[in-house]
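Side chains are part of it too, since the values below use all heavy atoms of this structure and drop only hydrogens, waters and symmetry mates.
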Amino acid sequence: MKKISFQDLKKELNPSQLDAVTTTEGALLVVAGAGTGKTRVIEYRCLTMVQKGIPPEQILLLTFTRKAAREMLSRACGHEALCRKIDGGTFHSFAYRVIKKYKKAVGLEDPISFIDESDCADALHLLASRLGFLGDKTRFPKKDTLKNILSMSINRNQSIREVLTCDYPQFLHFVSELEDLRKKYAEYKIQRNLIDYDDMLIYLKFLLEDADINKKVSSQYRYVMVDEFQDTNKLQADIVYLLAKNHLNCMAVGDDTQSIYSFRGAYYKNMFDFPNRFPDTKIIKLEYNYRSTQPILDVANAVIEEAKNKYSKALFTTKSGDEKPTLSYFKDAYTEAEGIVDKIQEYRGEGHALSALCVLYRSNFMSLPIQLELSKRNIPFAVYGGIKFIETAHIKDVLAFLKAHHNPSDDLAWSRVLMLLNGVGPKTAERIRDAVIKSSSTDRDAVLKEVVKNEGMQKDVCRLIALFEGLKETKEINRKIKKILHFYAPFLKEKFDDFAVREEDLKAFEEISATYESVEQFLVDFVALEPPERSVFSIEGKKEDERPVTLSTIHSAKGLEWDIVFLIALMDGCLPVSYSLDNEDSIEEERRLLYVAATRAKQHLHLSMHNEGRNGGVNSFNRLSRFISDQRVMNTLTTAYSWFEEGDGEREDSSLAGRMDKQGLYHKLVDYFDSHEQDYF
């Protein structure tokens, strides 16, 4: 293969990229903005080091996915075959190799067995049972929740109490039991030569803290590179430091403004600590963007400008395109969905492939109106990074009540409802269902007493029958849903450890029911939603224009891009999400989420919010996201007033809020009422 010369590199790379690629000695921090070609930098840096005569076996590339490592190294191998000898992989795969080599130093013997997350959850459940924690009348966390709690504690560097306080406050009274369980779980693994996913990093750090082992490992890997450094947790940052502290040849690539995974333990301040841990660090910023048009980058730059802690940079491009992103105001979530799907159809009519379009949102429940509207119009869509709303267990549960009420002969719906009751299995459910359906109201109690011997179960069934009788007496579908949700609430808390998250879905479910008059039409619209695709990229062998529109949370969209992006529900309480409002670090991460979302768009970016919502069943009015209402951001947008007037299809700026906003008064009025809230409420 032909050797790549410096002149060749100058043609392939912009000046900042070239500087990063050719700086091969010492500590280097590459602050790579969104879409600035960091993969290309790592590709050519690997190539440059090998062509300089550095043995490829001495180069270590750490990434967060095997796919990322393979992609970067395979590109480098296209220029130089020796690059395939570079050691590249995830933190965990590297850790496993080191542990296997130095196992005796941590008290492990052959054979070492790795237990995956499912095995881990099963082991914790077994130990909890042996410790007598599962026999208590107060429900102990389920096995997957136990795994999550212990893993969060390690990855976030938090105590069990801190994890529970933040994510599972309903289990705070089990702090001492969970601490005991963690100790027993550690003993269980040691006795059986087992290591789990989190142990790999713990053992690796422990080994690297041993001076002799550290010397051997760091002399083997004299050049260390780390991708997505903003997503490392404190433990991973310690490992990087220990690997490179002797030779200081370490390059970290990351973007502090794209750090959005703190819930997984990612610690964005690692980006700022890197120069402190490695003296004389050279910092190079990548700001030339290859993805988006300048008007889109102007929005992203304005959003992130007010970030409290950041490496200052401004994305720029020479890519053609001068269309300003739009900000549209809608009456409610359903007119917002109609307006967005109208625009999707318009783009489709202009010849854009559906797969080039994406709708992004902060939380999954926000996508429900969009899902329904796309289904009504037979426009295919795929939910990326999750399952469709209709396929979630809690929504299926609530729909089962409505289906059984609407059609008492629906065996499947009755079975799902009845098996929510304590002690009811498939056979008992079938007997109860037959008794309820076949008996008249006059002899039902006697029949039920004959079928259901357990007195407690009899009470549950009677409550259920009372619910269905109440549903018959209620005409409005929204009131029916409220009664079902009230009945279902204790089952939700019993069935799901993350019930607080699922409650948001149910609020959205209840809210959308208020727009329907017919139970039948409501069920038809929901049943029309097709089963979920496994991922955006799972649809093989279809023509490009048949691939679906993507619906995705912002978290799941990181690293992806689309020609056209719709970013919906941009209100305070949604983005930033309400539970972040009391914590400055959380607010700042919400700001970074918006930055990530905006930089997914290549050609067209459409932002929107809706004014009316429902809070606890009461109509409320939303406020535009604080990140968007900043004047610097507003100056980068074209504003569209898209309110639907009741009774006609025209979108005019007919609301008081809309009329006042044209005069520049609306936000002043909102601020005034906020500051004088105690005078009015």
Side-chain angles (χ1 to χ4, degrees), residues 327-346 354 357-392 394-395 398-399 402 477-478 481 485 501-519 521-530 532 548-554 565-571 573-575 577 597 606-615 617 619-622 624-625 640 642-646 649 651:
L327 170 62
S328 298
Y329 298 88
F330 293 92
K331 179 183 178 184
D332 53 36
Y334 316 106
T335 53
E336 183 179 24
E338 291 172 9
I340 287 168
V341 177
D342 281 347
K343 193 68 178 174
I344 288 172
Q345 286 186 315
E346 182 182 322
L354 289 177
L357 284 76
C358 176
V359 181
L360 296 179
Y361 36 84
R362 173 61 177 84
S363 304
N364 269 313
F365 72 88
M366 297 172 185
S367 70
L368 176 57
I370 300 284
Q371 291 188 39
L372 288 172
E373 192 62 31
L374 288 168
S375 292
K376 287 179 185 177
R377 304 197 201 184
N378 294 315
I379 298 175
F381 66 94
V383 179
Y384 186 64
I387 61 175
K388 292 184 180 179
F389 193 87
I390 190 64
E391 291 296 310
T392 55
H394 51 299
I395 296 298
V398 174
L399 275 174
L402 201 59
I477 183 172
N478 185 244
I481 296 294
L485 293 180
V501 176
R502 296 172 188 261
E503 280 178 338
E504 294 298 321
D505 290 350
L506 295 177
K507 287 177 185 176
F509 185 86
E510 183 270 322
E511 182 179 334
I512 203 168
S513 71
T515 65
Y516 285 82
E517 295 181 359
S518 161
V519 171
Q521 187 58 50
F522 183 75
L523 288 172
V524 165
D525 280 357
F526 268 81
V527 172
L529 294 176
E530 297 174 357
V549 176
T550 300
L551 307 186
S552 175
T553 62
I554 300 170
V565 169
F566 298 88
L567 182 52
I568 67 171
L570 291 174
M571 298 89 66
C574 294
L575 184 63
V577 71
H606 300 286
L607 285 63
S608 62
M609 64 90 70
H610 55 268
N611 184 55
E612 296 179 11
R614 290 173 70 82
N615 187 5
N619 284 336
S620 60
F621 295 94
N622 299 314
L624 182 64
S625 169
S642 306
W643 301 85
F644 278 146
E645 275 290 272
E646 187 174 345
R651 298 190 183 92

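Within the 4.5 Å cutoff, the side chain of Phe381 has no heavy atoms near those of the Val359 side chain. Contact annotation: the side chain of Val341 approaches that of Ile379 to within less than 4.5 Å [non-hydrogen atoms, C-beta and beyond]. Contact check for Met609 versus Phe330: no side-chain heavy atoms found under the 4.5 Å cut-off. Here the side chains of Leu551 and Leu374 are in contact, with some heavy-atom distance below 4.5 Å. A 4.5 Å side-chain heavy-atom check between Ile395 and Leu506 finds at least one atom pair inside the cut-off. In this structure, Leu354 and Pro380 have side chains that are in contact, with non-hydrogen atoms separated by less than 4.5 Å. Contact annotation: the side chain of Val565 never approaches that of His606 to less than 4.5 Å [non-hydrogen atoms, C-beta and beyond]. Residues Leu607 and Phe566 are not in side-chain contact: their nearest non-hydrogen atoms beyond the backbone lie 4.5 Å or more apart.
For the pair Ala337 and Ile370, the tightest heavy-atom approach, listed with the atom from each and the gap, is CA-CD1, 3.6 Å. The minimum heavy-atom distance linking Ala569 with Glu336 is given by the pair N-OE2, 3.2 Å. Summarising the geometry of Thr335 relative to Asp332, their closest heavy-atom pair is N-OD1, 2.9 Å, with the distance given to 0.1 Å. In this structure, Ala597 and Leu567 approach most closely via the heavy-atom pair CB-CD2, 3.7 Å.
How far OG of Ser363 is from CD1 of Ile554: 8.5 Å, rounded to the nearest 0.5 Å. Taking CG of Leu357 as the start and OG1 of Thr550 as the end, the distance is 8.5 Å to the nearest 0.5 Å. Note that the CD atom of Gln371 and the CE atom of Met366 stand 13.5 Å from one another [nearest 0.5 Å]. Rounding to the nearest 0.5 angstrom, the gap separating the OG atom in Ser608 from the CE atom in Met571 is 8.5 Å. Once rounded to the nearest 0.5 Å, the distance linking CG of Leu485 with CD1 of Ile481 reads 6.5 Å. In this structure, CD on Glu373 lies 5.0 Å from CD on Glu338, to the nearest 0.5 angstrom.
With hydrogens and angles ignored, the 3.5 Å screen pairs a side-chain donor or acceptor of Ser625 with a backbone N or O of Leu575. Using a distance-only test at 3.5 Å, with no hydrogens or angles considered, no donor-acceptor pair links the side chain of Asn611 to the main chain of Lys331.
In summary, Lys507 and Glu510 do not engage in a salt bridge, as defined by a charged side-chain N under 4.0 Å from a carboxylate O.
By the side-chain hydrogen bond (donor to acceptor under 3.5 Å, both in side chains) test, Ser513 is found to be paired with Asn478, residues two or more places apart in sequence or in another chain being considered. The ring pair (Phe, Tyr, Trp, His ring centres under 6.0 Å) search around Tyr361 returns none, not counting sequence neighbours. Every residue two or more places apart in sequence or in another chain was checked for a salt bridge (Lys or Arg N to Asp or Glu O under 4.0 Å) with Glu503, and none qualifies.
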TODO: Kindly indicate, with the supporting measurements, whether the criterion side chain to side chain contact (heavy atoms under 4.5 Å, CB included) is fulfilled by Ile344 and Val549.
DONE: CA-CA 9 Å; Ile344 288 172; Val549 176; 4.1 Å; yes

TODO: Could you walk me through whether His610 and Asn622 pass side chain to side chain contact (heavy atoms under 4.5 Å, CB included), step by step?
DONE: CA-CA 7 Å; His610 55 268; Asn622 299 314; 3.5 Å; yes

